[in-house]
Amino acid sequence: MPIIQFKDQNIHCDKQQILLDELLAAGCSVPFSCRAGLCHSCLMYATAGTPPKTAQQGLNQEQLQKNGFLACQCHPDADLVVRLPSHQHDAMPAIITSVTALNQVVKQVQISPSRLIDYHPGQQIKLTHHGHERTYTLVSHPEQDQELIIHVQRIAGGNISQWLCESAAPGDTITLCDVQGDCYYQSKNPHSPLVLIAAEVGLGAMLGVIQDALWHQHRGPIHLIHHVPSVADLYLQDSLRELCQRNQQLSYHTVVGSWTKDSLPQLTYLQQSHFFFAGATPRIMEYWTTLQQFNIPLSQCSVISFGLEEVSNQAVDNLDLSF
Ligand code: FES
């Protein structure tokens with residue numbers, strides 16, 4: 001039975017079991033979300049031993065060179081010493097500077113950190129307030145925005161989201177740390193078509209990716225789909241239409257209600273596109289199922305999945321995933 005060493009623990013791991021489950025069962029703090037190999041929340045690195053190839057699908061060259069693997073896809077077949085990614089920033093105080101309603105349940109929160117943060121739009125940052133913590137996607141652009149911007153959806157029972165949406169005010173202090181995530185615009189192929197699918201508040205992440213693509217003068221077509229349960233859940237429609245008018249390669253449409261295979265528009269460049277999608281895990285799985293029906297490989301997808309990514313021994317900002 002392989003032995004997995006993580007921090008000061010040695011975990012005997014059944015080959016039939018998934019490493020993520022074994023680590024969580026042993027009380028280890030490991031982030032996760034989709035459990036399907038899509039979102040990379042559970043990315044870990046092996047500092048000794050070789051992780052199974054099946055746990056490395058969809059990782060980039062840099063992650064592979066460092067022996068990266070996805071814990072949710074890993075059935076260990078040999079001993080490993082593993083670690084979590086080292087994040088870029090230690091905890092720092094920050095001040096909320098504005099809270100603006102975007103629709104009935106989504107607020108835009110602007111935050112002034114106490115020092116400069118190096119990040120890509122679409123990456124996540126951990127926000128802590130009064131012992132509760134939750135990770136939010138950065139919508140702002142480091143070159144264009146002086147402050148950090150996040151979009152927050154009010155979720156029943158979610159400590160942080162309820163505080164941010166109902167009580168937080170300019171001047172309130174929070175703590176930020178751990179910029180992470182690999183779902184962001186990469187300018188390697190500026191002519192590649194991009195298709196972005198946002199479920200509800202996932203729009204913020206996709207907007208960040210689009211603004212970064214435009215900042216890098218992306219030349220290929222960019223198509224954004226905003227998927228919501230009802231018309232009342234749409235937001236930033238006018239801003240997005242204006243953005244499309246100013247940038248000819250950008251187009252945008254909405255999908256209201258259930259997602260079906262036909263929700264994906266018949267774009268001539270669909271097969272060549274790189275796909276970004278962001279939203280709650282059940283929506284992400286729907287989009288991935290559709291893309292598989294079009295034979296789109298995982299290597300053409302970058303995903304942000306909002307799930308119960310909180311870890312054991314830490315406060316959980318409960319998330320109701322019902323749509
Ligand atoms: S890829 Fe492992 S939890 Fe999403």
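Pairing each heavy atom of L24 with each of V30, the nearest pair is CD2-O, 3.9 Å. Closest non-hydrogen pair, L80 versus A46, comes out as CD2-CB, 4.2 Å. When all heavy atoms of L38 and V303 are compared, the pair lying nearest together is O-CB, 3.4 Å. When every heavy atom of C13 is checked against every heavy atom of I4, the shortest pair comes out as CB-CG1, 3.8 Å. Counting all heavy atoms, side chain and backbone alike, I296 lies closest to C301 at CG2-SG, 4.2 Å. Residues T289 and M285 share a closest heavy-atom pair of OG1-O, 2.8 Å.
At least one side-chain heavy atom of L138 sits under 4.5 Å from a side-chain heavy atom of L148. Side-chain contact between Y119 and I125: absent, with no pair of heavy atoms (C-beta onward) separated by less than 4.5 Å. Residues H253 and P265 meet the side-chain proximity criterion, which asks for heavy atoms closer than 4.5 Å. Considering only heavy atoms from C-beta on, E200 comes within 4.5 Å of P229 through its side chain. Between I160 and H129 there is a side-chain heavy-atom pair separated by less than 4.5 Å. Side-chain contact between F276 and C183: present, with at least one pair of heavy atoms (C-beta onward) separated by less than 4.5 Å. Using a 4.5 Å heavy-atom cutoff, the side chains of F69 and P52 are not in contact. In this structure, L176 and I111 have side chains that are in contact, with non-hydrogen atoms separated by less than 4.5 Å.
Panel note: side chain Q110, backbone I96; no donor-acceptor pair is recorded below 3.5 Å. At distances below 3.5 Å, not a single donor-acceptor pair connects side-chain atoms of N247 with backbone N or O atoms of L250. A donor-acceptor contact shorter than 3.5 Å links the side chain of T260 to the backbone of D262. Side-chain N or O atoms of D212 include none that pairs as donor or acceptor with a backbone N or O of G208 at under 3.5 Å. Although no hydrogens or angles enter the test, the distance criterion places a donor-acceptor pair under 3.5 Å between the side chain of D79 and the main chain of I3. Distance alone, capped at 3.5 Å, places no donor-acceptor pair between the S112 side chain and the E147 backbone. E286 places no side-chain N or O within 3.5 Å of a backbone atom of T281 that could act as its donor or acceptor partner. Between the side chain of Q63 and the backbone N or O of N60 there is at least one donor-acceptor pair closer than 3.5 Å. In this structure, the side chain of D233 does not engage the main chain of V228 through any donor-acceptor pair within 3.5 Å. Side-chain N or O atoms of Q73 include none that pairs as donor or acceptor with a backbone N or O of K53 at under 3.5 Å.
Criterion: ILVMFWY side-chain heavy atoms under 4.5 Å apart, direct or through other members. Under it, V152 and I95 are not part of a common hydrophobic cluster. Both V99 and I174 belong to a common hydrophobic cluster when Ile, Leu, Val, Met, Phe, Trp and Tyr are linked at side-chain heavy-atom distances under 4.5 angstrom. Under a hydrophobic-cluster definition in which Ile, Leu, Val, Met, Phe, Trp and Tyr are linked whenever side-chain heavy atoms come within less than 4.5 Å, directly or via other members, L267 and Y287 are assigned to the same cluster. Each of W215 and L236 belongs to its own hydrophobic cluster when Ile, Leu, Val, Met, Phe, Trp and Tyr are linked at side-chain heavy-atom distances under 4.5 angstrom. Under the 4.5 Å side-chain heavy-atom criterion for grouping Ile, Leu, Val, Met, Phe, Trp and Tyr, F277 is connected to L270 within one hydrophobic cluster.
Aromatic ring orientation, H216 versus Y185: tilted (interplanar angle from 30° to 60°).
Separation of atoms CG (L207) and CG (L196) is listed at 10.0 Å; rounding is to 0.5 Å. Here D238 contributes atom CG and L243 contributes atom CG; the two are 12.5 Å apart, rounded to the nearest 0.5 Å. Remark: L203 CG to T254 OG1 distance equals 11.0 Å, nearest 0.5 Å. Rounded to the nearest 0.5 Å, atoms CG (N159) and CG (L164) are 11.0 Å apart. One finds the CG atom of L23 at 8.5 Å from the CG atom of L84 (value rounded to the nearest 0.5 Å). Atom CZ of residue R134 and atom CD1 of residue I155 lie 7.5 Å apart, to the nearest 0.5 angstrom.
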Test F294 against K261 for side chain to side chain contact (heavy atoms under 4.5 Å, CB included), laying out the working first.
CA-CA 9 Å; F294 285 94; K261 188 183 176 195; 3.8 Å; yes
Can you list the steps and then say if T100 with K107 is a side chain to side chain contact (heavy atoms under 4.5 Å, CB included)?
CA-CA 5 Å; T100 311; K107 295 272 174 80; over 6 Å; no
Check against side-chain hydrogen bond (donor to acceptor under 3.5 Å, both in side chains), S33 and S41:
CA-CA 6 Å; S33 185; S41 301; 4.6 Å; no
Decide yes or no on side chain to side chain contact (heavy atoms under 4.5 Å, CB included) for R283 and H227, but give the supporting numbers first.
CA-CA 9 Å; R283 301 289 83 73; H227 175 211; 4.0 Å; yes
Applying side chain to side chain contact (heavy atoms under 4.5 Å, CB included), run through C28 and I11 and close with a yes or a no.
CA-CA 10 Å; C28 301; I11 298 153; 3.8 Å; yes
Passes side-chain hydrogen bond (donor to acceptor under 3.5 Å, both in side chains), H223 versus Y269? Steps please.
CA-CA 10 Å; H223 187 78; Y269 48 79; 4.6 Å; no
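Counting non-hydrogen atoms of other residues, nucleotides and ligands closer than 6.0 Å to CD of Q146 gives a total of 12 or fewer. More than 12 heavy atoms of other residues, nucleotides or ligands sit less than 6.0 Å from atom CD of E166.
Checking H151 against Q108 by side-chain atom types alone, a donor-acceptor pair falls below 3.5 Å. Side-chain polar atoms of T175 and T128 form no donor-acceptor pair below 3.5 angstrom. For the residue pair S192 / H274, no side-chain donor-acceptor distance below 3.5 Å is found, with atom types taken as modelled.
Legend: side chain to side chain donor-acceptor pair (under 3.5 Å) pairs involving residues 9-21, not counting sequence neighbours, sorted by first then second residue: D21-R35.
For the ring pair (Phe, Tyr, Trp, His ring centres under 6.0 Å) test with H226, the passing option among Y235, W259, Y252 is Y235; the others fail.
For the pair K126 and Y136, the cation-pi test (distance below 6.0 Å, angle within 45°) is failed.
Hydrophobic clustering, defined by side-chain heavy atoms of Ile, Leu, Val, Met, Phe, Trp and Tyr closer than 4.5 Å, groups L43 together with Y45, L59, L64, L70.
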